[in-house]
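Down below is the structure, laid out as structure tokens.
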Amino acid sequence: MVLTKDIYNKLRGKSTPSGFTVDDIIQTGVDNPGHPFIMTVGCVAGDEESYEVFKDLLDPIISDRHSGYKPTDKHRTDLNFENLKGGDDLDPAYVLSSRVRTGRSIKGFTLPPHNSRGERRTIEKLSIEALATLSGEFKGKYYPLNGMTDKEQDQLINDHFLFDKPVSPLLTCAGMARDWPDARGIWHNDAKTFLVWVNEEDHLRVISMQQGGNMKEVFRRFCTGLLKIEETFKKHNHGFMWNEHLGYVLTCPSNLGTGLRGGVHVKLPKLSTHAKFEEILTRLRLQKRGTGGVDTASVGGVFDISNADRLGSSEVDQVQMVVDGVKLMVAMEKKLEKSESIDDMIPAQK
Amino acid sequence: LSANKARAALVRRGLLSLNTTFHGSIVDEWGLAEYPDLRQHNNCMASHLTPAIYAKLCDKSTPNGYTLDQAIQTGVDNPGHPFIKTVGMVAGDEETYEVFADLLDPIIRERHNGYDCRTMTHPTDLDSSKLHSGRFDERYVLSSRVRTGRSIRGLSLPPACTRAERREVERVTVDALAGLSGDLAGKYYSLTQMTDAEQQQLIDDHFLFDKPVSPLLTCAGMARDWPDARGIWHNNEKTFLVWINEEDHTRVISMEKGGNMKRVFDRFCRGLKEVERMIQEKGWEFMWNEKLGYILTCPSNLGTGLRAGVHVNLPRLSKDPRFSKILDNLRLQKRGTGGVDTAAVGSTFDISNLDRLGQSEVQLVQTVVDGVNYLIECEKKLEKGQDIKVPAPPKGN
């Protein structure tokens with residue numbers, strides 16, 4: 001537990017310029033003592049300045065969560081998809097789908113735990129404008145949560161795109177569900193391969209996905225779309241929150257850096273029951289989740305495998321680890337199918 | 001720090017940099033941009049929060065820094081309740097009722113039958129000797145109960161209080177309760193420290209309250225830091241119970257099986273006065289004023305904060321189509337035996353007073369006594385195949 005009495009006493013009189021206090025930062029962690037599956041962060045940022053004003057609390061948490069990342073470390077951003085090697089040859093018999101997501105915060109506005117209705121609506125308005133300028137493979141449509149037709153809602157549910165009012169107390173205790181569903185919505189391109197969530201846990205969540213194992217294509221579309229969106233926001237003098245120490249600034253300290261979770265749904269019925277499965281994942285710097293996403297269990301030997309790191313390595317680095325790691329694990333699975341040993345395939349710690 | 005919260009809100013909305021002063025017209029314009037979307041809503045706050053009132057109040061705050069947005073958050077997040085029209089806002093402190101009077105006055109008027117706190121005064125009367133006919137036929141009345149709430153002046157209310165303030169409420173109240181004696185002598189069970197055995201006993205006695213799950217309460221911030229500084233005190237006889245730091249600073253309950261409402265009310269008044277005396281000895285007092293009576297978190301509980309009721313078996317009357325009208329005219333409401341938001345089990349109902357503000361404790365409990373006696377008379381008549389009459393509504397209704 002990082003929050004000692006000394007640190008609390010030092011920070012309790014402070015607030016960010018927008019009025020966010022240390023009590024606001026920690027409320028979700030106070031109200032939610034522990035999560036059964038993963039060690040939660042227990043803190044959120046209310047604005048960009050939270051990470052500066054409450055450094056004494058957040059730096060050790062960041063270090064703990066992000067493998068010893070130091071206050072003096074620099075984070076590298078690399079959204080040049082051409083730097084990714086391979087990624088177009090994951091076996092579709094095993095890799096069912098591929099997805100990359102990240103978040104973006106719009107500079108000059110406070111974050112979901114703290115923002116007002118007016119700020120949230122302006123973020124929505126700016127997002128709609130930015131997304132409306134997209135064309136070609138990125139041409140799409142916005143569906144406000146508060147204005148979609150029943151038919152649109154059913155379609156979004158069938159596509160597994162619709163996000164609900166958060167029920168997790170991790171989010172509700174942090175104030176992120178206030179005024180729901182005001183200024184929340186979903187945008188996606190016509191091909192349904194590029195999706196943006198507006199005003200859920202972050203200002204924007206950007207998702208690129210498709211069936212099958214062509215992570216290279218997913219990542220290309222991800223980077224291209226993101227950079228186009230960023231251009232439009234910059235034109236309106238509202239770039240994304242970013243700095244060279246923390247990378248992209250998001251609501252949860254666990255998403256700092258790239259904010260990127262790149263992953264696949266992959267069939268690993270034999271490997272997942274192997275004694276060394278967890279160790280292999282750890283060495284590959286990957287994590288597993290059930291196919292329902294965070295907090296779910298796997299169904300039928302199909303796992304969601306994604307990068308564990310967010311801060312201290314670039315987007316390309318992290319997706320590369322997923323691509324290389326999943327390729328290796330599929331090869332292991334095939335060996336196990338033939339009852340062969342995988343001992344000589346166990347990787348070194350990355 | 002808290003004095004700057006309103007100013008910080010303006011900075012957050014881009015209306016102020018740290019060095020400039022604001023102009024009324026900018027606030028008005030931005031006030032509308034912040035105005036909540038209440039089109040799907042059916043609660044008292046939504047009925048009365050016009051854009052003009054919002055713009056007028058949105059940048060004010062109480063001395064503790066509590067804002068309009070905070071007060072109305074629960075009503076924005078909870079558009080409507082299936083059974084009753086909820087209030088849709090809460091108070092974060094005593095001053096909320098004054099600073100946001102432009103919104104709260106009409107809400108109070110609507111919720112409390114036209115009570116105008118600018119011109120009327122609320123009578124407080126805890127002299128239980130004035131209650132008459134307060135013993136019910138126990139073939140019908142299974143249990144009797146009176147509850148109210150009390151807030152400790154000078155400390156913020158559950159939606160807004162800090163951990164320190166909440167702990168202070170606990171300390172002051174537990175200290176006072178420790179001074180009770182005779183049939184009121186009892187013990188405090190802190191939610192954070194009770195043993196498993198104690199917890200089980202409190203559950204078996206139906207005394208234990210849980211962390212609120214209703215979004216009406218959680219969206220108002222009342223469950224923060226649970227279960228820190230929450231607890232239950234009760235006397236050894238289990239007829240006088242105090243909840244600490246649930247929806248109000250304190251909830252005080254007097255109850256017993258059977259129909260002796262007179263004894264329940266006697267103990268209620270005696271216990272309340274004793275507790276008040278104890279806290280006054282230490283320099284504290286309850287939040288109270290002559291316009292609004294006892295100040296509590298929810299505007300619906302202003303005045304007496306009193307709900308006096310019985311669990312009563314009315315198998316024939318409850319099936320009579322005139323039942324609701326009879327209750328209305330008697331100024332009574334029915335609930336299921338699980339309390340608010342529950343349905344009746346069989347034909348046993350929780351019957352209690354509708355009103356809280358504008359009449360005294362004695363008057364309201366008398367209303368319940370007279371009303372329940374009338375209901376029992378109706379039930380008896382129906383048993384004998386006789387017809388019943390719907391009573392006239394009270395004068396002025």
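The chains referred to below are lettered A, B, ... by the order of the sequence lines, with proteins before strands, and numbering in each begins at 1.
A:L171 is linked by a side chain to side chain contact (heavy atoms under 4.5 Å, CB included) to A:P166, A:M176, A:E201, counting only residues two or more places apart in sequence or in another chain. The side chain to side chain donor-acceptor pair (under 3.5 Å) search around A:Y51 returns none, not counting sequence neighbours.
Under the 4.5 Å side-chain criterion, counting only non-hydrogen atoms from C-beta, A:T172 is not in contact with B:T218.
More than 12 heavy-atom neighbours from other residues, nucleotides or ligands sit within 6.0 angstrom of NZ on A:K165. Within a 6.0 Å sphere centred on CG of A:N158, heavy atoms belonging to other residues, nucleotides or ligands number more than 12. More than 12 heavy-atom neighbours from other residues, nucleotides or ligands sit within 6.0 angstrom of NZ on A:K55. The 12-atom threshold is not exceeded at CG of B:D196, counting heavy atoms of other residues, nucleotides or ligands nearer than 6.0 Å.
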Take B:R224 and A:V30 through the test side-chain contact (heavy atoms from CB on, under 4.5 Å) and record every step on the way to the result.
CA-CA 8 Å; B:R224 286 171 306 126; A:V30 174; over 6 Å; no

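Between B:R163 and A:D23, at least one side-chain N (NZ, or NE/NH1/NH2) sits under 4.0 Å from a carboxylate O, which counts as a salt bridge. At a threshold of 4.0 Å, the pair B:D69-A:R117 counts as salt-bridged, since one of the basic side-chain nitrogens sits closer than that to a carboxylate oxygen.
Only the side chain of B:I72 comes within contact range of chain A, with at least one heavy atom under 4.5 Å from a heavy atom of that chain. Neither the backbone nor the side chain of A:D47 comes within less than 4.5 Å of any heavy atom of chain B. For A:D182, the part lying under 4.5 angstrom from a heavy atom of chain B is the side chain only.
Heavy-atom minimum distance, A:S116 versus B:E34: OG-OE2, 2.7 Å. Between A:R121 and B:D37, the shortest heavy-atom contact is NH2-N, 3.5 Å.
Atom CG in A:D179 sits 4.5 Å away from atom CD in B:Q73 (nearest 0.5 Å).
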